[in-house]
Amino acid sequence: MRRSLIIAMGARAIRTLTAARAQRGRYPALDLNSAFLGPEPRGKDARKWHIRDKRKLSPRLREFFIYSPALGRTVGVRVLLPGIPAEVSPVIHLFHGGGDDFRSWTDFGSAEELTLDSPYLVVMPDGGAGTYSRLAVGSEVHDWPRFHTEEIPEFLDATYSVDFTPENQLLAGLSMGGYGAMKYAAWHPDRYGAAAAFSSPLDPLSTVPAFDIIAMREGARSMTLFGDPVADRSEWLANSPYAVAENLRGLDLWFSAGSGSLEGAKDRDLLESMISSQGERFSARLNSLGIRHSWFPRTSGLHNWTSWERELGAWLKTLARRRNYASSVRTSDRTESGGSGSAGWEEPLPRRGGRHVADGREFSYLTGHALFDIHGWRVEISRRRAQIVRFDAVSASGFSLSGTGSFRVRTPGLFEPKRRYDITVSGPSGDNAYQQRADKKGRLTFTGRLAAAMHDPIIPGKRTAHFTTLGQDEVTTVRIASAPEDAETAAAVDASDTAQIEYSDAGPGAYIESGRDAAAADSPTER
């Protein structure tokens, strides 16, 4: 009963907010869609993204309608050309919130004016209702993360001259768009250098009804976004920036929220107040992990475009200062660790080349995905149920994996091609030592068993609910060392190694398919 009441009140609040924005005269209503383009592509034309229509709206603003295989339909994307043109431009991926669309940042948020003196190309893709997640709607699957993190970069690469080095790929958004920005950064810390969130919920488990409402607005059934928050807790954690915050180490993090009230006013914006409390918790979480960040709890501000326009301008000013690596800037409106209320100080961040670990330096990664690529390593886990996996202490010397199921890991080209290496796999099922020869690209591929949960159910139910996390904390370790070789063994590759090389060079193939789960910004007193 209480949950139904919360959902009803949330839905009413969203409808009220939508109506208020529509009265401003330029709200992107349902009649402004892609119907004028005719039927959606089918067959061969539906297998690859492509531009169906484009138009020039101003000297800097472009609008595209792109067919997305990840979504199965055509969606809109707006692009702002750099205010300061360059041969190759850095990119800001700017996401809208729930109840808005790809036009909103330029229609309501003054994005075009605020970026006039900016070197960034700003891409503003549609995000649907604002889940920024993979969502089942009837018989269709809307894969928004794939659209935003794979197809949009491909579109930019084919259309513009942009810089794809991580330090020049930035994510930002308001409300649910900020949630998407921070989550994508945590999922792909090797692709992005910065993430900013303005008035954004960063801990989904603390805001279950709001996420449920957003999913239903896109047409999904209740509790189908990440499942039940208790029975499917791993899915909620996998999609939570708060839960996987340790992946954000080394990124430039910036987030803010208003107090939910205005000076002299008695009314409070409860949504903004709740988000501000989440920001405090997220800042505390980052502090506990020793992750540098910038948190701005404003003394005033509501969940509206006045606040978001202010925050975008403040973040852009910060970026302008940080791109000037030749000087340090004393600032009294900033607290790097957040929440202390004292004046902070800002120094230019180092260029992120030191964060690249594809040369074999150690890193760790936390994820809920069964298939993932990180820093050139490809990991595939065959499992019966969702779980959080820790890919830990990863380097040219080896790695460890936690969880249940079986695994296949392929390294980047870190090793001497065709040279033999001693491999030792240690885990709950015992130890296994063998030799393997690196393939012609200098890669090694390992397969093995992780922990097996007792009575791990194929079809989970109440009777087996207490087994959902059994075995998840078990660790399997792989160690890699060069093997001594004599002249005779170095001269030839035996049949088993040849088979291994061919296997390593093969594409994802059937294994992957079968394993796939499915106030003023600069004010020194505004803290």
Side-chain angles (χ1 to χ4, degrees), residues 28-57 62-79 91 93 95-96 100-103 121 123-162 164 180 184 187-188 191 214-221 224-226 239 369-373 378 380 382 408 502-503 505-518:
L30 294 177
D31 58 337
L32 298 176
N33 55 32
S34 60
F36 68 94
L37 296 173
E40 296 288 5
R42 293 292 183 267
K44 183 178 180 180
D45 292 337
R47 298 174 187 171
K48 184 176 175 58
W49 72 266
H50 57 276
I51 298 171
R52 298 190 66 196
D53 189 47
K54 60 182 177 181
R55 57 191 69 173
K56 179 179 179 180
L57 303 182
R62 306 290 185 266
E63 185 172 271
F64 296 85
F65 286 90
I66 299 175
Y67 177 78
S68 165
L71 303 172
R73 69 175 190 268
T74 300
V75 291
V77 178
R78 278 190 173 179
V79 175
V91 178
H93 301 256
F95 301 129
H96 65 78
D100 292 310
D101 74 358
F102 66 101
R103 303 175 177 94
L121 181 143
V123 58
M124 297 161 285
D126 197 71
T131 64
Y132 294 90
S133 304
R134 197 169 186 264
L135 179 66
V137 181
S139 60
E140 301 177 348
V141 174
H142 299 172
D143 196 342
W144 291 105
R146 179 183 163 198
F147 171 62
H148 292 140
T149 65
E150 295 181 20
E151 293 177 351
I152 288 298
E154 291 175 3
F155 156 71
L156 293 175
D157 190 34
T159 311
Y160 297 103
S161 178
V162 299
F164 284 100
Y184 294 162
W187 281 6
H188 306 290
R191 299 188 198 175
I214 293 292
M216 288 191 291
R217 290 197 71 203
E218 193 158 321
R221 292 182 300 161
T224 58
L225 179 58
F226 306 134
N239 285 275
H369 293 138
L371 309 172
F372 58 92
D373 293 275
R378 181 167 185 82
E380 310 168 34
S382 179
R408 177 178 182 244
E502 292 173 354
Y503 179 68
D505 282 334
Y511 178 90
I512 292 181
E513 292 303 319
S514 64
R516 185 180 301 276
D517 291 345

Of all heavy-atom pairs linking A46 and P41, the shortest is CB-O, 3.6 Å

By side chain to side chain donor-acceptor pair (under 3.5 Å), N239 pairs with (sequence neighbours left out) K183

Contacts of H142 meeting ring-ring contact (aromatic ring centres under 6.0 Å, His included) (sequence neighbours excluded), chain-then-number -> none

Salt bridge (Lys or Arg N to Asp or Glu O under 4.0 Å) filter on E63, not counting sequence neighbours, yields R55, R78, R103

*Answer whether the closest heavy-atom distance between the side chains of V75 and F102 falls below 4.5 Å.*
no

Check: Do V123 and Y160 have side-chain heavy atoms sitting under 4.5 Å apart?
Finding: no

Residue set satisfying side chain to side chain donor-acceptor pair (under 3.5 Å) with H93, at least two apart, ordered chain then number -> Q169

Do the side chains of M216 and T224 get nearer than 4.5 Å, heavy atoms only? no

Value for NE2 (H188) from CZ (F372), rounded to nearest 0.5 Å, stands at 11.5 Å

Separation between CD1 (I51) and OG1 (T159), nearest 0.5 Å, reads 4.0 Å

Distance col, row H50:NE2 vs T74:OG1, nearest 0.5 angstrom, shows 6.5 Å

Taken in chain and number order and not counting sequence neighbours, the residues that satisfy salt bridge (Lys or Arg N to Asp or Glu O under 4.0 Å) with E40 are R52

Taken in chain and number order and not counting sequence neighbours, the residues that satisfy side-chain contact (heavy atoms from CB on, under 4.5 Å) with A215 are T131, L135, A220, L225

Hits for salt bridge (Lys or Arg N to Asp or Glu O under 4.0 Å) against D373, two or more places apart or cross-chain, chain-then-number order -> R378

Residues at least two apart in sequence or cross-chain that pass ring-ring contact (aromatic ring centres under 6.0 Å, His included) with F226, listed by chain then number, are W236

dist L71:CG -> D143:CG (nearest 0.5 Å) comes out at 7.5 Å

Taken to the nearest 0.5 Å, the spacing of Y67 OH from D45 CG works out to 9.0 Å

By side chain to side chain donor-acceptor pair (under 3.5 Å), W187 pairs with (sequence neighbours left out) none

Hits for side-chain contact (heavy atoms from CB on, under 4.5 Å) against K48, two or more places apart or cross-chain, chain-then-number order -> none

For S161, the side-chain contact (heavy atoms from CB on, under 4.5 Å) test, sequence neighbours excluded, returns V88

Of all heavy-atom pairs linking P69 and R146, the shortest is CB-NH2, 4.2 Å

Residues pairing under side-chain hydrogen bond (donor to acceptor under 3.5 Å, both in side chains) where one sits in residues 148-158, two or more places apart or in two chains, turn out to be W49-E154, S68-E151, H148-Y184

- Got D126 and W144 here, is their nearest side-chain heavy-atom distance under 4.5 Å? yes

Nearest heavy-atom contact between F147 and P125 is CE2-CB, 4.0 Å

V137 and E218 have their tightest heavy-atom pair at CG1-O, 3.7 Å

